[in-house]
Amino acid sequence: MKSVLLAILIAATGISQALADEPVEVHLKNHKFSPSTIKVKANKPSMILLYNDDDGADEFDSSSLKIERVVPGHNKANIRIRALAPGKYPFMGEFHAATAQGVVIAE
Amino acid sequence: MIAALIIVFREVIEAGLIVGIVLAATTGVPGRERAVAMGILAGVLGACLVAAFAGELAGLFQGSGQEVFNATILLLAVAMLTWHNVWMASHGRQMARELKAAGHQVKTGERTLAALSIVVGVAVLREGSEVVLFLYGIAAQGGTSAAGMIAGGGLGLAAGALVSGLMYAGLLKVPAGKLFQVTSGLITLLAAGMAAQAVIFLQNAGWLEFFTSTVWDTSWLLPDDGQGSLGLFGKMLHTLVGYTAAPNGAQLIAYGFTIVLILVLMRMVNASATTPRGKHA
């Protein structure tokens, strides 16, 4: 019985790991993303863990990714990226669009 | 200052267009100024609250609190817009009669005004919380730009209000007999666009993750990202009728479903309101 439960547990954690790769850590500092180019696997959901190291809030905004996400200053946000067809998906920090620019590349 | 102007302008337009439609849809209803003003006031207060607790809000629902909150208030607005249209379909004619005969005015207008007041509140809340966070961020950075920020924000507010006012004035040019038809059509599309947007927020929260692939992409023709004058026009169409440059399947389903639902409900209540009793076979 125990071994069955253990097997289920291992299988379940294995599946969840297969579904969710490690989130990509991105920092926003002085209104610039680093890294500003984020590579993800195409046709698979992924996750960006965005740390806003600035004092003020910013909005992770991308019309091609269909994401608008406000991140207050000194806060973090886990941003889900849907499964993407191969290609380039630009994003920006809407409150400081002059400098806060980046791109997600799905391949 | 320019940054403050552009951001505030963009957000004010998005909320202002919705206020304009609501004002046009309530033409001739007494007490509508008060209802709209209450909606705006509640929206501004709510925006400050949301901005103040943005971090806490985002932490709910496994870090998807912001998305769930946005989807919820959008769907609330969709429900209120639907209710308004259905209510107008059953009472509109009667109301138009009663508006001419003084006395019953306030009573008949009030119900649907409350619903539209909520819609205004939601629109202001959504766009306003971004403005508050943005302006607060600039203010927190340093004092030198504070004056420019206030000037920019003020100009953005004025310009956004002007564009919204122009659209409202344009709507009022519609002959009085057709105005209700036009506004109920606009409200139907507004609701459909909001429902489609709510679907996106739910998908970003990790729910409803089906039909997520893009069905078509017209961003080369008319982007909806609010960047540049063409993008701004696309964004205005996005707010008004739900234009999306690259919609996915679930968005289109939500858009179509909302339109069909509202039209069917309107037809049902209209039929039951106008068909004399006993005529049914």
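Keep in mind that the numbers below use all heavy atoms, side chains included, and drop hydrogens, waters and symmetry copies. Predicted model, so just to flag it, every value in this text is computed and none were measured.
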CG of B/Leu135 to CZ of A/Phe95, rounded to nearest 0.5 Å, is 8.5 Å
TODO: Please tell me if the side chains of A/Arg80 and B/Ser64 come closer than 4.5 Å, counting only heavy atoms from C-beta onward.
DONE: yes
Cut-off 4.5 Å, heavy atoms of chain A, and the answer for B/Leu133 is both
When the 4.5 angstrom heavy-atom criterion is applied to B/Ser213 and chain A, the contacting part is neither
With chain A, the option among B/Lys235, B/Gln251, B/Gln203 that has the most non-hydrogen atom pairs under 4.5 Å is B/Gln251
(request) Tell me, yes or no, whether the heavy-atom count around B/Phe61 atom CZ, taken from other residues, nucleotides or ligands under 6.0 Å, exceeds 12. (result) no
For A/Asn75 and B/Gly55, the nearest pair of non-hydrogen atoms, with its separation, is ND2-CA, 3.6 Å
The interface call for B/Asn70 against chain A, heavy-atom contacts under 4.5 Å, is neither
Honestly, the part of B/Gln62 sitting under 4.5 Å from a heavy atom of chain A is backbone
- Query: Relative to each other, are the rings of A/His96 and B/Phe134 parallel, tilted or perpendicular (30° and 60° limits)?
  - Reply: tilted
- [ ] State whether the side chain of B/Asn204 and the backbone N or O of A/Lys66 hold a donor-acceptor pair below 3.5 Å, judged by distance alone.
- [x] yes
Note: A/Asn78 and B/Gly63 closest approach over all heavy atoms is OD1-O, 3.4 Å
message = B/Gln227 vs A/Asp61, test: side chain to side chain contact (heavy atoms under 4.5 Å, CB included). Steps then yes/no.
response = CA-CA 11 Å; B/Gln227 305 301 305; A/Asp61 183 299; 5.9 Å; no
Checklist entry - Okay, side chain of B/Gln66, backbone of A/Val70: is any donor-acceptor separation there less than 3.5 Å? => result yes
Okay, B/Glu56 and chain A: the region with an atom under 4.5 Å from a heavy atom over there is neither
Answer key: most heavy-atom pairs under 4.5 Å with chain A among B/Pro223, B/Ala4, B/Ala245, B/Ala205 is B/Ala205
| request: Let me see the working for B/Arg10 and A/Glu94 under salt bridge (Lys or Arg N to Asp or Glu O under 4.0 Å), right down to the final yes or no. | output: CA-CA 11 Å; B/Arg10 201 155 50 202; A/Glu94 200 192 3; 2.6 Å; yes
